[in-house]
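First the structure, in the form of structure tokens, and then the observations on it.
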Amino acid sequence: TNLKAFVLMCACMSLVNTAQAVTQECMDFESFATGILLPVGTDYTFNDIYGELVRFKWDNGNWTNDGHAEVVNSNLAFGSGQEANLNNINISYTFNANHPMVATFKYADHGGNINLGINGLLSSTQDLSDFNGLLINGVFVLVTRQDEGLGTNHHGTVTLIGDLERIGVGGQEFWVD
């Protein structure tokens, strides 16, 4: 059987076959111009992976289509190169028939609520670390969190383990890489 690992955004996709050979493909925001604003409805394809910017669900249960993602070079998520600053928007990835089994992304959270979508189920929280250790829609979620001094600002890594058909994440003052 094949085991595929997908690392979101500035990430690498790895395919591990039964002989344990590993190949990698990297996805990042480097193909976008720094400073570009991407609204809900923006979509793109990268090596048979469909990416789309979609509406965001606030913590009061209401939805908005008015958010945007901005491609920035701030390194707030502690990744590499450019990252996406998500403001009231979700970024979603749909995979082809060869679903990855692991997805990892780096994030920075500077306030507001967070959406996490796994295989069609959207969950919302004030802090991604609330999902650490949970099984959501058949996928195990691991979250690390590093506080950034005083206040609520923090960054970390999210790893999703399981059969991944579609994943997404979004926030209000939120960066992903």
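The basis for the numbers below is simple: all heavy atoms, side chains too, and nothing from hydrogens, waters or symmetry mates.
Put simply, the side chain of Asn85 gets close to the backbone of Phe174: a donor and an acceptor are under 3.5 Å apart. For Thr144 (side chain) and Thr157 (main-chain N/O), a donor-acceptor pair under 3.5 Å exists by modelled atom type. The main-chain N or O of Phe29 is never found under 3.5 Å from a side-chain atom of Glu83 such that the two would form a donor-acceptor pair. Side chain of Asp109 to main chain of Gly111: a donor-acceptor pair is present (N/O by atom type, distance under 3.5 Å, no hydrogens or angles).
Among all heavy-atom pairs drawn from Pro39 and Leu37, the shortest one is CD-O, 3.7 Å. Of all heavy-atom pairs spanning Phe131 and Ser123, the tightest one is CZ-CB, 3.6 Å. Nearest heavy-atom pair across Val71 and Gln82 is CG1-NE2, 3.4 Å.
Both Ile118 and Phe105 are part of a single hydrophobic cluster, where members link through side-chain heavy atoms under 4.5 Å apart. Taken together through direct or relayed side-chain contacts under 4.5 Å among Ile, Leu, Val, Met, Phe, Trp and Tyr, Leu142 and Phe78 form parts of separate hydrophobic clusters. Residues Val40 and Phe32 fall within the same hydrophobic cluster, defined by Ile, Leu, Val, Met, Phe, Trp and Tyr side chains chained together at heavy-atom separations under 4.5 Å.
With sequence neighbours left out, Val143 forms a side chain to side chain contact (heavy atoms under 4.5 Å, CB included) with Tyr107, Leu128, Ser129, Asn132, Val141, Val158. Here Asn75 pairs with nothing under the side chain to side chain contact (heavy atoms under 4.5 Å, CB included) rule; sequence neighbours left out.
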Side-chain polar contacts of residues 161-173 - donor-acceptor pairs under 3.5 angstrom, sequence neighbours left out - could you list them?
{"from": "Asp163", "atom 1": "OD1", "to": "His99", "atom 2": "ND1", "distance (Å)": "3.1"}
{"from": "Arg166", "atom 1": "NE", "to": "Ser92", "atom 2": "OG", "distance (Å)": "2.8"}
{"from": "Arg166", "atom 1": "NH2", "to": "Ser92", "atom 2": "OG", "distance (Å)": "3.2"}
{"from": "Gln172", "atom 1": "OE1", "to": "Asn113", "atom 2": "N", "distance (Å)": "2.8"}
{"from": "Gln172", "atom 1": "NE2", "to": "Asn88", "atom 2": "OD1", "distance (Å)": "3.1"}

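Rounded to the nearest 0.5 angstrom, His155 NE2 and Gln146 CD are separated by 5.0 Å. The CD atom of Glu52 sits 9.5 Å away from the CD1 atom of Ile89 when rounded to the nearest 0.5 Å. With rounding to the nearest 0.5 Å, the separation of CD1 in Ile114 from CG in Leu86 is 9.0 Å. Rounding to the nearest 0.5 angstrom, the gap separating the NE2 atom in His68 from the CG atom in Leu53 is 11.0 Å.
Between the side chains of Gln126 and Asp59, at least one donor-acceptor pair of N or O atoms lies under 3.5 Å. Defined by atom type and a distance below 3.5 Å, a donor-acceptor pair is present between the side-chain atoms of Asn90 and Asn115.
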Self-check item: side chain to side chain contact (heavy atoms under 4.5 Å, CB included) assessment of Thr125 paired with Leu116
Solution: CA-CA 8 Å; Thr125 185; Leu116 180 64; over 6 Å; no

